[in-house]
> 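Provided herewith is a single structure, encoded as structure tokens, for subsequent inquiry.
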Amino acid sequence: MGGFTVDPGEVAGFAERILTASQEFGDEMLLAQEQFPAPLAAFGDTPTAGLAYDACQSATEAVMTAAGALHAVLEGDADRLYLVAFSTQQTDDEASGLMGGLFGGST
């Protein structure tokens with residue numbers, strides 16, 4: 001039966017990179033919100049300019065909703081990775097204590 005190892009430090013480092021990416025993504029989302037939708041004047045003065053503007057607003061809202069959901073997923077993933085790193089380290093520490101006790105060593 002095969003096994004695997006987990007390096008808590010590597011997992012925590014990965015979590016940190018994910019959290020940083022999430023924060024950068026969130027900052028970019030805020031900048032994008034300031035830029036869109038384009039002003040109504042950008043759609044010209046044709047009879048359908050208002051419809052084009054409304055469509056742009058709707059699309060912008062949909063994109064920002066999806067981006068917000070992605071941002072939340074990234075933050076949640078970082079939190080869960082930190083939890084894996086902590087739990088793995090705690091398990092390693094407990095196992096080390098048990099092994100020390102079995103062999104008469106101290107922890």
Side-chain angles (χ1 to χ4, degrees):
M1 192 155 114
F4 65 93
T5 60
V6 175
D7 182 339
E10 288 291 324
V11 174
F14 185 57
E16 183 176 347
R17 291 191 302 274
I18 295 293
L19 184 59
T20 299
S22 170
Q23 291 165 340
E24 291 171 358
F25 184 76
D27 291 345
E28 292 298 323
M29 280 178 40
L30 290 176
L31 289 174
Q33 277 182 317
E34 294 171 3
Q35 303 298 318
F36 292 100
L40 178 58
F43 293 90
D45 58 1
T46 65
T48 59
L51 294 174
Y53 174 76
D54 291 343
C56 183
Q57 267 193 314
S58 294
T60 299
E61 289 172 12
V63 167
M64 294 312 292
T65 298
L70 177 58
H71 184 249
V73 167
L74 288 171
E75 285 185 339
D77 286 350
D79 289 344
R80 286 181 285 280
L81 285 166
Y82 279 123
L83 182 59
V84 167
F86 174 78
S87 298
T88 302
Q89 185 63 55
Q90 186 177 25
T91 300
D92 286 351
D93 292 346
E94 290 171 2
S96 179
L98 288 174
M99 293 302 291
L102 286 174
F103 296 109
S106 60
T107 57

> Would you check, one step at a time, whether the test side-chain contact (heavy atoms from CB on, under 4.5 Å) holds for D77 with R80?
CA-CA 5 Å; D77 286 350; R80 286 181 285 280; 3.0 Å; yes
> What closest approach, in Å, do A12 and Y82 show between heavy atoms, and which atom pair accounts for it?
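Answer, listing the atom of A12 first, then Y82: O-CE2, 3.7 Å.
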> For S22 and I18, indicate whether the former's side chain and the latter's backbone hold a donor-acceptor pair under 3.5 Å.
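The answer is no, because no donor-acceptor pair under 3.5 Å joins these two groups.
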> Report the relative orientation of the aromatic rings in H71 and F25; use parallel for angles under 30°, tilted for 30 to 60°, perpendicular for over 60°.
parallel
> If I take atom CD from residue E61 and atom CD from residue Q33, how far apart are they, to the nearest 0.5 angstrom?
10.0 Å
> Drop me the distance from L70's CG to E75's CD, to the nearest 0.5 angstrom.
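L70 atom CG to E75 atom CD measures 10.5 Å (nearest 0.5 Å).
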> What distance separates L83 CG from D79 CG, expressed to the nearest 0.5 Å?
9.0 Å
> I need the T88 OG1 to D7 CG distance, nearest 0.5 Å.
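If I round to the nearest 0.5 Å, the distance is 9.5 Å.
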> Other residues, nucleotides and ligands only: do more than 12 of their heavy atoms fall within 6.0 Å of CD on Q90?
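Buried by this count: over 12 neighbours within 6.0 Å.
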> How far apart are the closest heavy atoms of G44 and A49, and which atoms are they?
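For G44 and A49, the tightest heavy-atom pair comes out as O-CB, 3.3 Å.
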> Group every Ile, Leu, Val, Met, Phe, Trp and Tyr by side-chain heavy-atom contacts under 4.5 Å, then state whether M29 and L19 land in the same group.
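M29 does not cluster with L19.
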> To the closest 0.5 Å, what do you measure between CG (D54) and CG (L40)?
8.5 Å
> For E10, does the CD atom have more than 12 heavy-atom neighbours from other residues, nucleotides or ligands under 6.0 Å away?
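No - once you tally the heavy atoms of other residues, nucleotides and ligands closer than 6.0 Å, there are 12 at most.
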> Minimum heavy-atom separation for V11 and L81, please, with both atom names.
CG1-O, 3.3 Å
> Quick check: closest heavy atoms across F43 and C56, and the distance to 0.1 Å?
CZ-CB, 3.5 Å
> Give the C-alpha distance, both sets of side-chain angles, the deciding distance and a yes or no for side-chain hydrogen bond (donor to acceptor under 3.5 Å, both in side chains) between Q23 and D27.
CA-CA 6 Å; Q23 291 165 340; D27 291 345; over 6 Å; no
